[in-house]
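The block underneath contains the structure these notes are about, expressed in structure tokens.
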Amino acid sequence: MAQLPPGFTTLSTLTTEPLKTPGINVIAMVCDKMEPTTTRKGDITMKFKLVDPSTQDTVSGGNGFAARFFYSQTMADTPKIAQLGDIIMLRGVKLGVYDGNRVLMNNKGNTQWSVFPIAGMPKGEYAVTYMGGKQELPSMRSRTTTTTSISLVEKKYILDLASRFDTLSHAFTRGAGSRVQPAHDPLAVRVSAVRGHDLDVIRVPAVRCHDHDAIRVPAEKRPASGPELNLERRKMQRPGESKKFRLISDIQDYTFADLCVEVVKKWEGDFGCELYVTDYTENTLLLYYKNPSESKDDFGRDGDPYSYTNGFKAGWPGPWGHRVLKVVCKPPHADVANAKVEVGAHVRLTNTKIRLNNVNMLEGTLWPDQRYPGKIYITVLSRGDLVEVQDIVERKRQYYATQSHEVEPVRDSATHDTANRTKSALKRSKKKAKKAAKEAEALAVKEAELEMALAPNQHTRCSDGTIPLSSIATILDSSGERHKEVLPNGRSLILPFVNTNYRAKVQVLDFQPALEDFAVVTDELEDDSMDLSIESSQRWEWNFTLLLHDAKKEGSNPEDCILVNVGHPQAQFLLGNDMPDPANLREQSMLLNKLREKMYILWGNLEEQKAAGADDMPSNRPFECCLSEYGVLKSGGKPENIFDWERQYMLHGLTIL
DNA sequence: GGTTACGGT
């Protein structure tokens, strides 16, 4: 551990220090906190708990050393702790007793604080650059009466403390009985632990970190920064925001629905264009398609799903079960369907009229818009429709993960016509060996070429090289293998998320929203602003989303892609210290240009390609980065309902040099 | 508002 800065006290010393000692200085990690509340007298009070290396192995230190601060009237002075794990530096606090226990208390105007958010903390080698003394630590928020800067020794100590997050955070799990409400932390902050409950009696969603044994329980609170904002913005863009958006599992007779679906089959009939579509959800009011193993008697003993061997008609390409809705497109939609929609495409169908037909099965029809007869209700979804496509693709992955390998479709066939697929399958079966050898050779050449073209990006740095590399498919874990939890009663469930970190070698495929909107205004007021005008009270934060895919993969197929949030601290870390604070990018063209230049290093010609409407793969180089998996409570969800939590990913540890 | 999960136009 780094040297304790002169004038500072360790937490263990405080257990023997005489009471009412004034002028105590402490640097420690926040392991528990309660949001500021108002006392009966009308004062503001807040409580938090601290750990440092001196307390981590002691029984009494296990729950952290309590601090209780009081303020009269205004919240403006209270320490702004973003999440558990933040490092707080306190000067001029005093020792008091509260409820019979020692606590640190503030001392009116004499107490100064600085908070160093763990989320933006440089790690590993990168931390060294901060030790030179010139660079300020990122995202520092403070309330000091003087403008004393942080000394080199203090900086070192703070960074060292932050680097011990994994060890110190074990203390976070012991606060289960505390009345203090732990904050939810997207970046794997440990909260109270429960284990061995039946699902029915689990009060809070339990998540298990794959590298630890303890079950972790996200607390009630939503993340205070980036992730929450990002979720909110994503929600705005989700198909679910459309009032009529329905999953196929939710459609009902005599309604109109907006659907986001994959086209499984297309038929240009006399009465319009029929689209057979799925979003990989089930609705028992749809026709049941038998899967190949169920219908083996229909096609001969071997259960050959595509009838490679007997030349009979091809079977249904899947998905099977009650998952496919027939939608009849009337003019003018039929013309668009015929011309633009291919089997395997993802489409949005607006205002689909849902009816039970004469054999009591649901089907959809797209009729002309009554007010604007030329209006088209079909939109082919593309890379730009990240969320919609991702949702379908993710459900597809999960669906096929439960199917046997024999019926799993060839990945890259998703964009091909079904008929072509079955025909080529037939051919393949005849010339299999010869073709396979040729293909393998071609593939090897192509991969070698790709290898040359995709040398790693020399202009990025990943702060943590210790986490083993994972593929995107592994991280997404569509089979649920790593998210499976077996309960003591033998039942098992797949957890919506686990708090854990990964490292991956990836490339950027897309981003969201437009670059001009990478900075968003937050509601939070700039608390030390003396200027009361609206503009100066607006606080801007970075907040955007990247679509990443495994390095070396080609094709614009969105499978094996991962949507990754970049919150404010992560973006600050990404963009580095020479990037000014975020502001309205639609007004600050200099800042926008600077951001554009930075991001170009990461994503190459992606922005230009998007602007040109090109759907080709962008040209950019792979890089390594850390991704953390976390959960957020769905809008309107109940924290105690495990399935009300949604899995999300956050980029971190990446810096563009 | 045509008829049924094919039809292979």
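Not measured: the values here are computed from a predicted model. Below, chains carry the letters A, B, ... as their sequence lines are ordered, and counting in each starts from 1.
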*Identify whether a stacking contact exists between A:Tyr289 and B:dA5, where the ring centres must be under 5.5 Å apart and the planes under 30° apart.*
no
*Could you give me the CA-CA distance, side-chain angles and deciding distance for A:Tyr649 and A:Tyr630, then say whether ring-ring contact (aromatic ring centres under 6.0 Å, His included) is met?*
CA-CA 6 Å; A:Tyr649 300 93; A:Tyr630 62 101; 7.9 Å; no
*Sole candidate of A:Tyr600, A:Phe544, A:Phe518 that passes ring pair (Phe, Tyr, Trp, His ring centres under 6.0 Å) when paired with A:Phe511*: A:Phe518
*Would you kindly give the NZ-to-P distance between A:Lys326 and B:dA5, to the nearest whole Å?*
9 Å
_Using only modelled atom types and a 3.5 angstrom limit, is any donor from either the side chain of A:Glu274 or the base of B:dG7 paired with an acceptor on the other?_
yes
*Give the rounded distance in Å between these two atoms: CD of A:Glu363 and P of B:dC6.*
15 Å
_Which residue lies more 5' along DNA chain B, comparing A:Leu287 with A:Pro368 via nearest heavy atoms_ = A:Pro368
*Atom C1', compared across B:dC6 and B:dG2: separation rounded to whole Å*: 15 Å
*Can you check the A:Lys265 NZ to B:dG8 C1' distance for me, whole Å?*
8 Å
*Does any N or O in the side chain of A:Thr278 come within less than 3.5 Å of the main-chain N or O of A:Arg323, such that one atom is a donor and the other an acceptor?*
yes
*When you measure from the side chain of A:Asp644 to the backbone N and O of A:Gly637, does any donor-acceptor pair fall under 3.5 Å?*
no
*Any donor-acceptor pair under 3.5 Å between the side chain of A:Tyr276 and the base of B:dA5?*
no
*If you measure from the C1' atom in B:dT3 to the same atom in B:dG7, how many Å do you get, rounded?*
11 Å
_Counting the atoms with a prime plus P, OP1 and OP2 as sugar-phosphate, which does A:Asp270 contact under 4.0 Å by heavy atoms, base, sugar-phosphate, or nothing?_
nothing
_Could you tell me how far apart A:Trp316 (CH2) and B:dG7 (P) are, to the nearest whole angstrom?_
13 Å
*Ring-on-base stacking B:dT9 with A:Trp267 (under 5.5 Å, under 30°)*: yes
*Rounding to a whole Å, what distance do you find between A:Lys330:NZ and B:dG2:C1'?*
6 Å
*Parallel, tilted or perpendicular for A:His322 and A:Tyr288, by the 30°/60° rule?*
perpendicular
*Can you tell me how far P of B:dT4 sits from CZ of A:Phe271, to the nearest Å?*
11 Å
*asked:* I need the NZ-C1' distance between A:Lys353 and B:dG1, as an integer number of Å.
replied: 7 Å
*asked:* Nearest whole Å is fine: how far is B:dT3 P from A:Asn358 CG?
replied: 8 Å
*Indicate, with a heavy-atom threshold strictly under 4.0 Å, whether A:Val324 touches base, sugar-phosphate, or nothing.*
nothing
